[in-house]
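Remarks on the structure that follows.
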Amino acid sequence: MADSQPIGVFDSGYGGLTVLKEITGLLPGHDFIYLGDNARAPYGSRSFDTVYRYTLQCVEWFFQMGCPLVVLACNTASAKALRTIQQSDLPRINPDNRVLGVIRPTTEIIGNFTRSRRVGILATSGTVQSGSYPIEIEKFFPDIQVYQQACPMWVPLVENNEYDAPGADYFIQKDIGLLMKQSPAIDTIVLACTHYPLLMHKISRFIPPGVRLISQGEVVARSLSHYLQRHPDLDGRCSKGGRTLFYTTDSTEDFDNHAAIFYGRAVQSRHLAV
Ligand code: DGL
């Protein structure tokens, strides 16, 4: 993609591909580069400092690749690194470029879905500990009560191809049960980890009837499309050749084998050494 200015889409591993799939569906003319930091995944159990350092390193790489805009399609990176990158690093590295996350697009619309004003968040331990969802939802909808449940086994189940196995049922049922126990009035649950859509068919089986599940791919894609409409200068800097490149920091063979499950079609990745 010589001389192109693609939109960067980042995740700790494969999960962001569920978001990229929706984004490319909505913006088929734009160029994209996806980077999965598979060599250092999962991020969900890592410290703030580590997630921040890894994420910043990857954002700097996207900028070197010519990206004017990077989407952190990872809740953990959005929760633990985005604000520092936006406020401290961006003005120093490249004040004209932009880095967006997945938490704000989700929290700013959540009030449109819940009637009981009780919302559940299922996420990695890191995202839950950061408190980002309750903090952001409070800004937009102070009347909503937020309940969180960390699901530390869900990403490993997905990353290890066990998402369809009967063993996965135990962890999914358990964590949903722990969430609903906090408030049976929860009527909307956010799948606040980009890996979780792969578990959707099992999750749907264990949520009580009438509870609505929000998965982020479509929400983030719509929000990005609106953002580009509101920022025509930035959109003008994004190249539009309809191409998507894939990079992984780990084995390209493993990435290509897994990625199709998340992205819905075959991909051929390149390696990035970190
Ligand atoms: N997919 C990432 C998220 O949305 C988490 C995966 C990980 O733990 O690395 O939070």
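This is a predicted model, so every value here is computed, not measured. As the structure lists them, so they are numbered: ligands from 1, and atoms in each ligand from 1.
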Just checking Y14 against F255, ring centres under 6.0 Å apart? yes
Using the benzene-type ring in the case of Trp, are the ring centres of Y196 and W154 under 6.0 Å apart? yes
Give the numbers and elements of all ligand 1 atoms closer than 4.0 Å to a heavy atom of C193. 1 (N), 2 (C), 3 (C), 4 (O), 5 (C), 10 (O)
Side chain, backbone, both or neither: which part of C74 has a heavy atom under 4.0 Å from ligand 1? both
Starting from the C-alpha separation in whole Å, work towards a yes-or-no answer on side chain to side chain contact (heavy atoms under 4.5 Å, CB included) for R212 and I189. CA-CA 6 Å; R212 182 168 196 157; I189 294 179; over 6 Å; no
Given that the side chain starts at C-beta and the backbone is N, CA, C, O, which of these parts of V102 lies under 4.0 Å from ligand 1, counting heavy atoms, or is it both or neither? neither
Pair R117 + D143: basic N to acidic O under 4.0 Å: yes
Write out the residue and atom name of the closest protein heavy atom to atom 8 (O) of ligand 1, then the distance separating them to 0.1 Å. G44 N, 2.8 Å
So, do Y34 and Y247 have ring centers that fall under 6.0 Å from each other? no
T124 N/O under 3.5 Å from ligand 1 N/O: no
Short list, please: which atoms of ligand 1 are under 4.0 Å from a heavy atom of Y43? 7 (C), 8 (O), 9 (O)
Quick one: does L228's side chain get under 4.5 Å of L27's, heavy atoms only? yes
Name the closest protein heavy atom to atom 6 (C) of ligand 1, giving the residue it belongs to and the distance to 0.1 Å. S12 OG, 3.3 Å
Considering the heavy atoms of N75, write down every atom of ligand 1 situated less than 4.0 Å from one of them. 3 (C), 4 (O), 10 (O)
Going by distance alone, is a donor N or O of one side chain under 3.5 Å from an acceptor N or O of the other, for D235 and Y227? no
Atom 10 (O) of ligand 1 [closest protein heavy-atom partner, distance rounded to 0.1 Å]: T76 OG1, 2.8 Å
